[in-house]
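Reckoned from all heavy atoms, side chains included, excluding hydrogens, waters and symmetry mates. This structure is a prediction, so every number in the text was calculated from the model and none was measured. Each residue takes its place number in the sequence, starting with 1.
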Amino acid sequence: MLAALSLLYTPKPLLLASRSRTSAPFSVASSTSPSFSSASVNTELKLQLTSLAAALDRGQSYNPTSSQAYAERMEVARGIIRSLVAASPPLPTSLDALDGEWELLFTDVAHGIFRSSPFFLAIEEAYANAGAPEKADLFFRLHELQTCSWGISKIGRVSQTIDAANSKLYSEFDTNLLSLTTIPIIGFWKLLPTFGGCVVTVSSAKLDGDKIEMEVDYTTSRPVPGLSGLRPLPGEIGLKIAEFIWNIKVPVRLVWNLLPWNKGPPTCSVTLRYFDGDFRVVEDRGGQFFVYARPIAPRPLKVLES
């Protein structure tokens, strides 16, 4: 689906614009490790949750599509999140407090941690507004089966960058395609090359009370350092085609509004449940939690000139 937009090669260096521009985003890795400002706040609960998040692969190990394995651990994690929410410092009243880069640490949502993206949150809310929330679960389950079966796609880093000055939220998830392809039992070599990229959804964002309200604008893609992209044709022409597609912006809001079954724009919201400067917990309309933390190895999002 959306991940197909990002399957290209790593392009030549691109020009960076000022922060006020909101065109196609690009990121560069950084070795600078930020210090946590609230390490002493709810330390025990955060350590417990971080440990479970690692053991459960950010929540992906529990997959009700396949089995109920790790269901009890997921309940323990939910209990810790509820305890953390109950012990939250006063929540911020301005989006400025949330400004900057956040990485997804854990979620109890089923059928894909990519559901932290406002694009998928908008789909969930659209079904709920139509009185059919169960159809959203079916959609996400089918999407997961189609994109993750047989190791076709693997989700890597999931993050958000909040640009409070411009009321923007950039949601990212890395997708790694064909990472393991071989003939079972007898295969000792890869049959197909691994490639992938980062899917970026850009939304407007504002903090209204304890709710972060978003409206999806567009989706684009960018390369992931160290991960090859799909080069459609050999030679210089292939490079130019790849670079062009990297910078395509899919006008989600425009297309969404043209579809007759959508009763409004692609909007969504999450409720801010916990915030201490280092950790942030939000809850979607279905009651699922998403836990974010300031990154240890930041990959800052820059903005490209048009």
Side-chain angles (χ1 to χ4, degrees), residues 16-23 25 27 30 32-43 45-46 49 81-107 109 115-122 124-125 158-173 200-218 252-253 264-296 298-303:
L16 296 178
S18 66
R19 187 180 176 205
S20 62
R21 301 295 294 274
T22 55
S23 52
S27 75
S30 170
T32 303
S33 297
S35 59
F36 287 139
S37 61
S38 304
S40 60
V41 178
N42 296 315
T43 305
L45 288 172
K46 290 191 290 189
L49 183 56
I81 293 174
R82 295 188 188 101
S83 297
L84 197 60
V85 167
S88 177
L91 296 176
T93 58
S94 170
L95 193 65
D96 292 338
L98 309 181
D99 194 75
E101 183 181 357
W102 298 87
E103 288 187 345
L104 183 70
L105 178 70
F106 179 81
T107 179
V109 72
R115 288 178 58 179
S116 61
S117 166
F119 176 82
F120 294 102
L121 290 171
E124 180 181 11
E125 292 216 0
V158 178
S159 71
Q160 291 182 349
T161 297
I162 296 176
D163 180 0
N166 294 299
S167 301
K168 291 288 185 182
L169 186 148
Y170 297 85
S171 175
E172 309 171 65
F173 69 87
V200 185
T201 297
V202 182
S203 308
S204 62
K206 66 177 181 178
L207 183 63
D208 185 4
D210 61 355
K211 291 189 180 296
I212 303 173
E213 297 183 350
M214 297 161 280
E215 181 173 341
V216 180
D217 187 5
Y218 66 90
V252 174
R253 180 170 55 188
T267 58
C268 60
S269 66
V270 291
T271 302
L272 184 62
R273 295 300 190 191
Y274 179 92
F275 178 80
D276 66 12
D278 298 334
F279 268 53
R280 173 167 64 96
V281 178
V282 298
E283 184 180 2
D284 70 5
R285 183 166 177 172
Q288 286 86 29
F289 292 110
F290 297 90
V291 181
Y292 297 90
R294 294 295 187 183
I296 298 299
R299 200 174 79 182
L301 194 69
K302 303 297 182 181
V303 180

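To the nearest 0.5 Å, the span separating OH on Y292 from OG on S159 amounts to 9.0 Å. A distance of 11.0 Å separates OG1 of T267 from CG of L121, quoted to the nearest 0.5 Å. The OG atom of S269 sits 10.5 Å away from the CD atom of E283 when rounded to the nearest 0.5 Å. Rounding to the nearest 0.5 Å gives a distance of 11.5 Å between CG of L95 and CD of E213. The structure places OG of S88 at 11.5 Å from CG of L45, a figure rounded to the nearest 0.5 Å. Expressed to the nearest 0.5 Å, how far CG of D96 lies from CD1 of I162 amounts to 10.5 Å.
Side-chain N or O atoms of R294 include one that pairs as donor or acceptor with a backbone N or O of E101 at under 3.5 Å. Q160 contributes no side-chain N or O that, together with a main-chain N or O of L169, makes up a donor-acceptor pair within less than 3.5 Å. Remark: the backbone N or O of K168 is not paired with any side-chain donor or acceptor of D163 at under 3.5 angstrom. Side-chain N or O atoms of S38 include one that pairs as donor or acceptor with a backbone N or O of D276 at under 3.5 Å.
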Self-check item: S204 and E215: CA distance, side-chain angles, deciding distance, side chain to side chain contact (heavy atoms under 4.5 Å, CB included) verdict
Solution: CA-CA 5 Å; S204 62; E215 181 173 341; 3.5 Å; yes
Exercise. Test V270 against M214 for side chain to side chain contact (heavy atoms under 4.5 Å, CB included), laying out the working first.
Key: CA-CA 9 Å; V270 291; M214 297 161 280; 4.1 Å; yes
Exercise. Determine, stepwise, if the pair I296 / F36 fulfils side chain to side chain contact (heavy atoms under 4.5 Å, CB included).
Key: CA-CA 9 Å; I296 298 299; F36 287 139; 3.4 Å; yes
Quiz item: Do V291 and Y274 pass the side chain to side chain contact (heavy atoms under 4.5 Å, CB included) test, and can you show the C-alpha distance, the side-chain angles, and the key distance before you say yes or no?
Solution: CA-CA 9 Å; V291 181; Y274 179 92; over 6 Å; no
Quiz item: What do the steps show when you test D217 against R253 for salt bridge (charged side-chain N to carboxylate O under 4.0 Å, His left out), and what is the final call?
Solution: CA-CA 5 Å; D217 187 5; R253 180 170 55 188; 3.3 Å; yes
Quiz prompt | side-chain hydrogen bond (donor to acceptor under 3.5 Å, both in side chains) assessment of S37 paired with D278 | solution = CA-CA 7 Å; S37 61; D278 298 334; 3.3 Å; yes
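For T271, the side chain to side chain contact (heavy atoms under 4.5 Å, CB included) partners at least two apart in sequence or on another chain are D210, K211, R273.
Side-chain atoms of K46 and L84, non-hydrogen and from C-beta on, do get closer than 4.5 Å to each other. For the pair L272 and P92, the minimum side-chain heavy-atom distance is below 4.5 Å. A 4.5 Å side-chain heavy-atom check between T201 and V252 finds every atom pair outside the cut-off. Contact check for V41 versus F279: no side-chain heavy atoms found under the 4.5 Å cut-off.
Taking all atoms of both residues into account, the shortest heavy-atom contact from F290 to V109 is CE2-CG1, 3.9 Å. Contact between A97 and F275 at its shortest, heavy atoms only, is O-CZ, 3.3 Å. When every heavy atom of F289 is checked against every heavy atom of T107, the shortest pair comes out as O-OG1, 2.8 Å. Taking all atoms of both residues into account, the shortest heavy-atom contact from T93 to L207 is C-CD2, 3.8 Å. Summarising the geometry of P89 relative to N42, their closest heavy-atom pair is CD-ND2, 4.4 Å, with the distance given to 0.1 Å. For the pair V216 and A122, the tightest heavy-atom approach, listed with the atom from each and the gap, is CG2-CB, 4.4 Å.
Figure legend: R115 and F120 shown without cation-pi pairing, the cationic atom not lying both under 6.0 angstrom from the six-membered ring centre and within 45 degrees of its axis.
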